[in-house]
> 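After the structure tokens below, expect a handful of questions from me.
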Amino acid sequence: MRSVIRRRVTTMISAFLLQSPPLSSISPKHHQYSLLPLTTQRFLTASHSFRLRTFSTRSIPNMQDSASVSYLSQREAAEIDETLMGPLGFSVDQLMELAGLSVATSVAEVYKPSEYSRVLAICGPGNNGGDGLVAARHLHHFGYKPSICYPKRTSKPLYTGLVTQLESLSVPFVSVDDLPEDLSKDFDVIIDAIFGFSFHGAPRPPFDDIIRRLQTLQKRPVIVSVDIPSGWHVEEGDHEGGGIKPDMLVSLTAPKLCAKSFSGPHHFLGGRFVPPSVAEKYKLELPSYPGTSMCVRIGKPPKVDISAMRVNYVSPELLEDQVESDPVLQFRKWFDEAVAAGLRETNAMALSTTSKDRKPSSRMVLLKGFDENGFVWFTNYESKKGSDLSENPFAALLFYWEDMNRQVRIEGPVERISEEESENYYHSRPRGSQIGAIVSKQSSVVPGRHVLYDEYEELTKKYSDGSVIPKPKNWGGFRLKPNLFEFWQGQPSRLHDRYLFTYIAVSWRPVRLQYSLQEGNPAWIIRRLAP
Ligand SMILES: NC(=O)C1=CN([C@@H]2O[C@H](COP(=O)(O)OP(=O)(O)OC[C@H]3O[C@@H](n4cnc5c(N)ncnc54)[C@H](OP(=O)(O)O)[C@@H]3O)[C@@H](O)[C@H]2O)[C@@H](O)CC1
Ligand SMILES: Cc1cc2nc3c(=O)[nH]c(=O)nc-3n(C[C@H](O)[C@H](O)[C@H](O)COP(=O)(O)O)c2cc1C
Ligand SMILES: Cc1ncc(COP(=O)(O)O)c(C=O)c1O
Ligand SMILES: [K+]
């Protein structure tokens with residue numbers, strides 16, 4: 001019996017894969033690179049693009065060129081829906097869970113709970129409404145305070161279950177009559193989960209009135225539409241004008257044709273469940289999703305008012321008795337925490353140097369080790385920074401661990417490390433990087449990339465037998481011996497915690513300190529600085 005069912009399912013899947021012509025997808029533009037990930041294709045074809053690396057586990061949304069994404073008609077959307085839930089074995093609960101999670105993660109990418117905590121999900125009678133219920137549950141767990149307006153409930157167990165789950169989290173349900181006239185007073189975000197791709201005709205009560213209110217609000221919360229801005233024609237968009245103008249659209253599976261006329265600042269796609277067979281069959285060009293993210297930004301990068309860009313840092317307080325008396329220990333503690341938090345390139349630091357004419361310059365380098373003797377990085381001694389450091393052997397290092405609202409400044413004299421240490425580190429590097437260091441006369445002018453590549457190829461051949469690649473004399477490490485540290489922890493209203501550690505020769509003791517010397521490390525004086 002089981003094998004008969006299995007055979008039937010297999011036949012259905014094969015039939016699905018063979019049948020039906022490509023639908024309204026836009027044909028791929030970059031055939032020659034089609035085996036490469038989309039981000040790589042863009043790097044190779046678009047001159048303005050600069051990201052070759054695909055992102056790692058951090059959830060950074062990619063910017064995708066809207067022209068390279070396919071759009072679905074209403075019929076196609078319904079057909080894919082049926083296919084997923086038929087031969088491909090998905091259940092409606094599953095798809096709804098994935099859709100709702102994608103909506104919640106998209107909202108969280110743009111509207112942080114610290115500023116946009118009060119969410120109202122307005123849920124319609126169909127699956128779009130179900131997506132809204134699921135999204136609200138996830139947003140609750142992400143730290144938002146959702147409320148639900150769900151005027152036309154269905155008695156199907158899937159929906160009653162979703163309602164029970166929300167009720168068990170004490171998420172309030174509000175009736176249409178109880179919604180405040182001015183929604184912006186009570187809500188920061190409205191999730192429009194009223195109608196999805198099965199919408200047709202003109203909205204009927206009570207949704208007609210709700211949509212009208214969303215259209216005409218003067219001062220309003222941000223509106224996030226799930227799959228279709230409610231009231232818009234699924235293919236033609238807001239063709240009669242006067243429809244709601246969402247700030248964010250989260251398309252599901254693939255954008256529907258109406259999304260072409262979405263002009264709001266944030267267009268996301270949540271469809272990290274579409275099997276390749278569906279994408280292939282419908283010739284869907286879909287963006288790659290970054291890291292482990294359930295959503296990806298598509299469409300044009302948002303226009304921003306730079307002067308209004310700011311983050312209100314919220315962190316645990318850092319009090320006097322919480323900082324280590326030894327700054328190297330304190331640094332290690334923060335460094336380890338940043339590594340544990342999964343930050344990318346925790347060891348990347350800005351290095352500032354000055355030349356003999358006292359002009360400063362900064363660049364990033366990688367920290368390759370630290371202890372009580374100092375902080376080490378490697379470079380070309382004949383580079384700009386190398387010559388600065390021979391003219392003025394003092395430097396400043398800066399770490400910024402954005403996700404942790406932390407900054408560390410370190411200053412002090414710099415010296416070259418021993419040849420032996422440099423040799424050891426150089427030979428621990430990948431062979432390609434060793435050859436790269438020979439090829440690059442760092443900071444000198446090069447006529448073109450081919451010059452670097454030609455020499456690289458030549459040396460790669462030369463050392464293809466695995467023999468030792470000699471370290472160039474002018475390549476090696478520097479060590480900065482700190483005489484100053486500052487640990488900065490961002491706090492609300494710009495009232496940050498700052499601790500300055502200065503190294504004082506033991507023979508000298510300042511009389512009045514704002515923060516006393518601590519035992520065990522008498523040479524370091526710690527003072528809190530005003531933010
Ligand atoms: N891969 C996928 O496919 C996935 C799909 N997913 C989600 O499913 C959504 C599609 O769901 P859906 O088919 O249930 O349709 P949807 O638009 O929510 O509502 C239909 C309801 O609205 C009603 N209604 C219609 N017009 C009306 C009007 N003018 N005025 C008033 N009522 C009107 C209609 O009633 P009827 O007209 O039939 O009487 C019916 O009750 C899709 O957009 C996405 O969000 C995701 O969960 C996962 C992946
Ligand atoms: C994250 C990051 C890490 C880097 N690490 C190093 C490094 O460890 N050593 C190095 O020589 N250049 C490194 N670079 C390149 C430098 O920033 C810089 O371009 C190069 O060293 C030349 O700088 P200069 O002309 O000021 O000497 C890094 C760049 C980035 C973005
Ligand atoms: C030119 C250059 N040299 C050295 C480094 C240090 O890194 P690694 O020694 O890990 O290759 C970097 C890192 O980006 C670099 O760009
Ligand atoms: K919607």
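As the structure is a prediction and not an experimental result, all values here were calculated from the model. In what follows, every heavy atom counts, from backbone to side chain, and hydrogens, waters and symmetry copies are set aside.
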> Just wondering, more than 12 heavy atoms not from Lys462 lying within 6.0 Å of its NZ?
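Open: at most 12 neighbouring heavy atoms sit under 6.0 Å from NZ of Lys462.
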> Answer whether the closest heavy-atom distance between the side chains of Phe394 and Leu480 falls below 4.5 Å.
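With C-beta onward as the side chain, the pair stays apart.
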> Can you tell which of Val119, Val222, Leu133 makes a side chain to side chain contact (heavy atoms under 4.5 Å, CB included) with Ile191?
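For Ile191, the side chain to side chain contact (heavy atoms under 4.5 Å, CB included) test succeeds with only one of Val119, Val222, Leu133, which is Val119.
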> Arg272 side chain to Ser293 main-chain N or O, any donor-acceptor pair under 3.5 Å?
yes
> Using 4.0 Å as the upper bound for N to carboxylate O, is an ion pair formed by Arg332 and Asp336?
no
> What distance do Leu389 atom CG and Ser355 atom OG have between them, rounded to the nearest 0.5 Å?
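Atom-to-atom, Leu389:CG and Ser355:OG are 11.0 Å apart.
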> Just checking Lys441: does its NZ atom have more than 12 heavy atoms from other residues, nucleotides or ligands closer to it than 6.0 angstrom?
yes
> With respect to Phe485, which candidate in Trp524, Tyr499, Trp334 satisfies the ring pair (Phe, Tyr, Trp, His ring centres under 6.0 Å) definition?
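Answer after filtering Trp524, Tyr499, Trp334: Trp524.
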> Side chain of Ser383, backbone of Gly386: donor and acceptor closer than 3.5 Å?
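Indeed, once roles are kept as given, a pair shorter than 3.5 Å links the two residues.
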> Does Asn474 use its side chain to pair, donor to acceptor, with the backbone of Glu382 at less than 3.5 Å?
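No, Asn474 side chain to Glu382 backbone: no donor-acceptor pair under 3.5 Å.
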> Counting N and O atoms only, with roles assigned by atom type, does the side chain of Lys283 sit under 3.5 Å from a partner on the main chain of Ala279, one being a donor and the other an acceptor?
no
> Given side chains that start at C-beta, do those of Tyr426 and Ile469 come closer than 4.5 Å, heavy atoms only?
yes
> Pair Cys295, Val250 - check side chain to side chain contact (heavy atoms under 4.5 Å, CB included), show working.
CA-CA 9 Å; Cys295 59; Val250 185; 5.9 Å; no
> Tell me whether Asp188 contacts the main-chain N or O of Pro221 through its side chain, where contact means a donor paired with an acceptor under 3.5 Å.
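The answer is no, because no donor-acceptor pair under 3.5 Å joins these two groups.
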> Does Pro316 reach the side chain of Gln322, with side-chain heavy atoms less than 4.5 Å apart?
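Counting from C-beta outward, Pro316 and Gln322 never come under 4.5 Å.
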> Report the distance from atom CD1 of Ile298 to atom NE2 of His266, rounding to the nearest 0.5 Å.
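One gets 13.5 Å once the value is rounded to the nearest 0.5 Å.
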> Please confirm whether the backbone N or O of Ile438 pairs with a side-chain atom of Trp475, one donor and one acceptor, at under 3.5 Å?
no
> Testing the basics here: between His267 and Ala259, what is the closest heavy-atom pair and its distance to 0.1 Å?
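Shortest heavy-atom contact: CE1-CB, 3.7 Å.
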> Using atom types as modelled and distance alone, determine if a side-chain donor or acceptor of Lys145 lies under 3.5 Å from a backbone N or O of Val171.
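Side chain of Lys145 to backbone of Val171: no pair is present.
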> Hey, could you give me the CD/CG distance between Gln491 and Asp497, rounded to the nearest 0.5 Å?
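If we round to the nearest 0.5 Å, Gln491:CD and Asp497:CG are 4.5 Å apart.
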> For the atom pair CG (Leu398) and CG (Leu351), what is the distance rounded to the nearest 0.5 Å?
10.5 Å
> Locate the shortest heavy-atom distance separating Pro287 from Val69; write the atom from each residue and the value.
CD-CG2, 4.3 Å
> Given side chain to side chain contact (heavy atoms under 4.5 Å, CB included), test Leu397 with Phe375 step by step and report yes or no.
CA-CA 9 Å; Leu397 306 176; Phe375 286 65; 3.8 Å; yes
> Can you tell me if Asp192 uses its side chain to pair, donor with acceptor, with the backbone of Ser225 under 3.5 Å?
no
> Does a donor on one side chain sit under 3.5 Å from an acceptor on the other, for Lys471 and Ser422?
no
> Do Arg527 and Thr502 pass the side-chain hydrogen bond (donor to acceptor under 3.5 Å, both in side chains) test, and can you show the C-alpha distance, the side-chain angles, and the key distance before you say yes or no?
CA-CA 8 Å; Arg527 279 169 287 192; Thr502 36; 3.1 Å; yes
> Any chance you could lay out the salt bridge (Lys or Arg N to Asp or Glu O under 4.0 Å) test for Arg479 and Glu421, step after step, and finish with the verdict?
CA-CA 11 Å; Arg479 177 177 279 112; Glu421 275 181 280; 2.9 Å; yes
> With a 6.0 Å cut-off on the ring centroids, do Phe487 and Phe501 count as close?
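Yes - the distance between ring centres of Phe487 and Phe501 falls below the 6.0 Å cut-off.
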> For the pair Phe378 and Tyr425, name the ring-plane relationship: parallel under 30°, tilted 30 to 60°, perpendicular over 60°.
parallel
> If you count heavy atoms of other groups shown closer than 6.0 angstrom to CZ of Arg494, is the number above 12?
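Enclosed.
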> Roughly how far apart are Asp227 CG and Thr253 OG1, rounded to 0.5 Å?
7.0 Å
> How close do Met248 and Ser106 get, heavy atom to heavy atom, and via which atoms?
CE-O, 3.2 Å
> Rounded to the nearest 0.5 Å, how far does CG of Leu529 lie from CG of Leu500?
5.0 Å
> Do Lys384 and Asp388 have side-chain heavy atoms sitting under 4.5 Å apart?
yes
> Salt bridge or not for Glu486 and Arg498, using N-O below 4.0 Å?
yes
> Less than 4.5 Å apart, side chain to side chain, heavy atoms only: is that true for Pro393 and Glu415?
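A side-chain contact under 4.5 Å is absent here.
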> Run the side chain to side chain contact (heavy atoms under 4.5 Å, CB included) check on Val468 and His427 step by step: do they pass?
CA-CA 8 Å; Val468 173; His427 293 296; 3.6 Å; yes
> Tell me if the OH atom of Tyr453 is crowded by more than 12 foreign heavy atoms within 6.0 Å.
no
> Could you tell me whether a side-chain N or O of Glu423 sits under 3.5 Å from a main-chain N or O of Gly476, the two making a donor and an acceptor?
no
> Between Glu320 and Arg528, does a salt bridge (Lys or Arg N to Asp or Glu O under 4.0 Å) hold up when you go through it step by step?
CA-CA 8 Å; Glu320 277 71 357; Arg528 180 187 272 273; 2.7 Å; yes
> Please check if any side-chain donor atom of His450 sits under 3.5 Å from a side-chain acceptor atom of Glu457, or the reverse.
no
> Are His496 and Gln407 close enough, and set up right, to give a side chain to side chain contact (heavy atoms under 4.5 Å, CB included), and what steps lead you there?
CA-CA 11 Å; His496 318 301; Gln407 169 182 242; over 6 Å; no
> Under a 4.5 Å cut-off applied to non-hydrogen side-chain atoms, are Leu286 and Val274 in contact?
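Yes, close enough: below the 4.5 Å cut-off.
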> After noting the C-alpha distance and the side-chain angles of Thr460 and Arg431, does the key distance pass the side-chain hydrogen bond (donor to acceptor under 3.5 Å, both in side chains) rule?
CA-CA 9 Å; Thr460 305; Arg431 289 173 71 82; over 6 Å; no
> Kindly indicate whether the side chain of Asn312, heavy atoms from C-beta on, has any atom under 4.5 Å from the side chain of Ser114.
no
> When you check the side-chain N and O atoms of Arg118 and Ser147, is any donor under 3.5 Å from an acceptor?
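Arg118 vs Ser147: no donor-acceptor pair found between side chains.
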> Does any N or O in the side chain of Tyr503 come within less than 3.5 Å of the main-chain N or O of Pro482, such that one atom is a donor and the other an acceptor?
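Looks like no, no N/O pair under 3.5 Å.
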> Hey, do the aromatic rings of Trp401 and Phe331 have their centres closer than 6.0 Å?
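Yes, the ring of Trp401 comes within the 6.0 Å limit of the ring of Phe331, centre to centre.
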> Is there side-chain contact between Val365 and Lys385, with heavy atoms separated by less than 4.5 Å?
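The answer is yes; the side chains approach within 4.5 Å.
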